[in-house]
A.B. asks: 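Have a look at this one.
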There are 2 protein chains.
Amino acid sequence: MNTPRNQETLARALRKAGLRPTRQRLSLAQCLFANGDRHVTAEALYAEAVAAGYPVSLATVYNTLHQFTGAGLLRQVMVDTNRSYFDSNTSDHHHYFHEETGELVDIPSHAVTVGDLPNMPEGAEVSRVEVVVRVHQRAS
Amino acid sequence: MNTPRNQETLARALRKAGLRPTRQRLSLAQCLFANGDRHVTAEALYAEAVAAGYPVSLATVYNTLHQFTGAGLLRQVMVDTNRSYFDSNTSDHHHYFHEETGELVDIPSHAVTVGDLPNMPEGAEVSRVEVVVRVHQRAS
DNA sequence: CAATAAATTTAGAGTGATTCTAAATTAAAG
DNA sequence: CTTTAATTTAGAATCACTCTAAATTTATTG
């Protein structure tokens, strides 16, 4: 789990990434990082920000999510072809994906062991190992 | 790796799944299963079928890919938010995903060990474990 | 084989998430 | 306070994919 960050820490992180700490970015960062780890879609974050009284456009939410991802503050999780999920926990870990609800739950990385990887493509190096455990409601 | 299947075997598999072995389905099956394992997107398969002189519509390619997936002949791989990949190898295995080229390469399942899964969501059961090793070109 | 019923295909319209564009606003620098 | 460059934004555009309804094909039955 990531440490909660305050406005100042965030502003510094943004500046370091070459991003001005604007009202919109700080508002979204507030939503994303103020209360522990989050898994959000762009639409969900947009709705949340608007509901919280932070006026932001959907375009800015998309821009910001990508910029934060580029800056290493977020990571994108590929689980659904229909929408993108962003994870505020950038440390090494994996996910459950609940097929019915679309909910994501973290799995600590130590639960999964990756052995020697065979037939690694020539000249390539690993940038990340992603494990998604798809679960569905047990029939009762 | 899956065993190559001939038209008759495929027609039988389709019938068993309640699908009529139409010209289009058999053509696409030909592309998908005649020469070892494949990883295709809908657009790519469409282009390939048309180029091979099998007249098919894009809508039918989409329908067929989903029907084949439902019938257990294909499996969908989630690696890219922008497009869906379908894998003609339905046996238990994982993937390399080359971030630059979009190429998928199989990883045999024995190379990855999944330990006891913690904090499994209540009342849920695992439907599949997907491991994607994202790789990128090594800087030279 | 002919007639009928049911499944399939398809062109083209529709959808929904995401990206782009170009104008208006805002932050940083001087 | 000006100037400059970055940012935001509404709305248009895009792109993968799905839907619709009509035309075609497959399977079934007489």
Side-chain angles (χ1 to χ4, degrees), chain A residues 7-8 10-31 39-50 53-71 73-74 76-86 102 104, chain B residues 7-8 10-31 39-50 52-71 73-74 76-86 102:
Chain A
Q7 296 280 109
E8 252 324 300
L10 274 165
R12 226 175 292 124
L14 292 183
R15 261 190 244 279
K16 199 158 68 176
L19 300 171
R20 291 181 180 173
T22 63
R23 181 176 53 70
Q24 290 85 335
R25 284 178 184 146
L26 291 171
S27 301
L28 293 173
Q30 186 79 337
C31 291
H39 301 103
V40 299
T41 62
E43 287 283 356
L45 180 59
Y46 172 64
E48 186 178 325
V50 169
Y54 301 140
V56 185
S57 74
L58 186 55
T60 296
V61 171
Y62 275 104
N63 289 339
T64 303
L65 285 172
H66 289 135
Q67 291 154 351
F68 281 16
T69 301
L73 297 168
L74 288 177
Q76 208 169 348
V77 187
M78 229 68 81
V79 280
D80 187 339
T81 13
N82 298 315
R83 66 192 84 264
S84 286
Y85 283 77
F86 294 85
L104 278 173
Chain B
Q7 296 278 109
E8 252 325 298
L10 274 165
R12 224 174 296 124
L14 291 183
R15 261 190 245 281
K16 198 158 68 176
L19 299 171
R20 292 180 178 174
T22 62
R23 179 176 55 68
Q24 289 85 336
R25 283 179 186 147
L26 290 171
S27 300
L28 294 174
Q30 186 80 336
C31 291
H39 301 103
V40 299
T41 62
E43 286 284 353
L45 180 59
Y46 172 65
E48 186 177 324
V50 169
Y54 301 140
V56 185
S57 72
L58 185 57
T60 296
V61 171
Y62 275 104
N63 290 339
T64 303
L65 286 172
H66 289 136
Q67 291 154 352
F68 282 15
T69 301
L73 297 168
L74 289 177
Q76 208 168 349
V77 187
M78 228 68 81
V79 280
D80 186 339
T81 10
N82 298 316
R83 67 194 84 263
S84 285
Y85 283 77
F86 293 85

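Each chain gets a letter, A, B and so on, in the order the sequences are listed, and its residues count up from 1.
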A.B. asks: Nearest nucleotide by nearest heavy atom, which residue falls closer to the 5' end of DNA chain C, B:T22 or A:Y62?
C.D. replies: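 That would be B:T22.
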A.B. asks: Please state how far atom CG in A:L19 lies from atom P in D:dA5, giving the value in whole angstrom units.
C.D. replies: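 The answer, rounded to whole Å, is 18 Å.
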A.B. asks: Between A:F86 (CZ) and C:dT18 (P), how many Å, whole number?
C.D. replies: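 Atom CZ in A:F86 sits about 7 Å away from atom P in C:dT18.
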A.B. asks: Looking at A:R25, I'd like to know whether one of its side-chain N or O atoms comes within less than 4.0 Å of OP1 or OP2 on D:dT7.
C.D. replies: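 For D:dT7, OP1/OP2 do have a side-chain N/O of A:R25 under 4.0 Å.
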A.B. asks: Could you tell me if the side chain of B:L45 sits less than 4.5 Å from the side chain of B:C31, heavy atoms only?
C.D. replies: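 B:C31 reaches B:L45 side chain to side chain.
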A.B. asks: Picking from D:dT9, C:dA17, D:dC17, which would you name as closest to the side chain of A:N63?
C.D. replies: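 The answer is D:dT9, which lies nearest to the side chain.
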A.B. asks: Return no unless some side-chain N or O of A:H66 is found under 4.0 Å from OP1 or OP2 of C:dT18.
C.D. replies: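 It does not, given that no N or O in the side chain of A:H66 lies less than 4.0 Å from OP1 or OP2 of C:dT18.
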A.B. asks: I need the CG-P distance between B:L14 and D:dA27, as an integer number of Å.
C.D. replies: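 Taking CG of B:L14 and P of D:dA27, I get 11 Å after rounding.
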A.B. asks: Would you say the side chain of A:R25 lies within less than 4.5 Å of the side chain of A:F68, judging by non-hydrogen atoms?
C.D. replies: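 Yes, side chains in contact.
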A.B. asks: Using whole Å, what does the distance between atom C1' of nucleotide C:dA11 and atom OH of B:Y46 come to?
C.D. replies: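 Going from B:Y46 (OH) to C:dA11 (C1'), I get 10 Å.
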A.B. asks: Measuring to OP1 and OP2 of D:dT25, would you say a side-chain N or O of B:R23 lies under 4.0 angstrom away?
C.D. replies: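 For D:dT25, neither OP1 nor OP2 has a side-chain N or O of B:R23 closer than 4.0 Å.
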A.B. asks: Counting just side-chain N and O atoms, does A:T81 come under 4.0 Å of either OP1 or OP2 of D:dA16?
C.D. replies: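 Looking at the OP1 and OP2 atoms of D:dA16, neither is under 4.0 Å from any side-chain N or O of A:T81.
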A.B. asks: Using atom OH of A:Y54 as one end and atom P of D:dT9 as the other, report the distance to the nearest whole Å.
C.D. replies: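 From A:Y54 OH to D:dT9 P: 15 Å.
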A.B. asks: Side chains of A:L26 and A:L14, heavy atoms from C-beta outward: is any pair under 4.5 Å?
C.D. replies: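 Side chain of A:L26 against side chain of A:L14, heavy atoms only: contact under 4.5 Å found.
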A.B. asks: Please confirm whether the shortest side-chain N or O distance from A:Q24 to OP1 or OP2 of C:dT26 is below 4.0 Å.
C.D. replies: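 Indeed not, no polar side-chain atom of A:Q24 lies that close.
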A.B. asks: Just N and O in the side chain of A:S84: are any of them under 4.0 Å from OP1 or OP2 of C:dT18?
C.D. replies: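 Result: yes.
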A.B. asks: Do A:L74 and A:H66 touch side chain to side chain, with heavy atoms closer than 4.5 Å?
C.D. replies: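 With C-beta onward as the side chain, the pair stays apart.
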A.B. asks: Could you say whether B:A59 or B:N82 is positioned toward the 5' end of DNA chain D, judged by the nucleotide with the nearest heavy atom to each?
C.D. replies: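 Its nucleotide being nearer the 5' end, the pick is B:N82.
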A.B. asks: Within this structure, what is the CG-to-C1' distance between A:L26 and D:dT8, rounded to whole angstrom?
C.D. replies: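 Roughly 14 Å, once rounded to whole Å.
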A.B. asks: Measuring from the side chain of B:R20 (C-beta onward, heavy atoms only), which nucleotide among C:dT10, D:dT26, C:dT18 has the closest atom?
C.D. replies: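 Per side-chain heavy atoms of B:R20, the pick is D:dT26.
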A.B. asks: Determine whether a donor-acceptor pair (N or O, by modelled atom type, separation under 3.5 Å) exists between the side chain of A:Y85 and the backbone of A:D80.
C.D. replies: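 No, A:Y85 side chain to A:D80 backbone: no donor-acceptor pair under 3.5 Å.
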A.B. asks: DNA chain D: A:T60 or B:P21, which has the more 5' nearest nucleotide?
C.D. replies: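 Per heavy-atom nearest nucleotide, the more 5' residue is A:T60.
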A.B. asks: Please give, in whole Å, the distance from C:dA17 P to A:Y85 OH?
C.D. replies: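 Rounded to the whole Å, the gap is 11 Å.
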A.B. asks: Just the rounded figure in Å: distance from P of C:dA11 to CG of B:L58.
C.D. replies: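 In whole Å, C:dA11 P lies 10 Å from B:L58 CG.
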A.B. asks: For B:S57 and C:dT9, is the shortest distance between a side-chain N/O and OP1 or OP2 below 4.0 Å?
C.D. replies: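 Looking at the OP1 and OP2 atoms of C:dT9, neither is under 4.0 Å from any side-chain N or O of B:S57.
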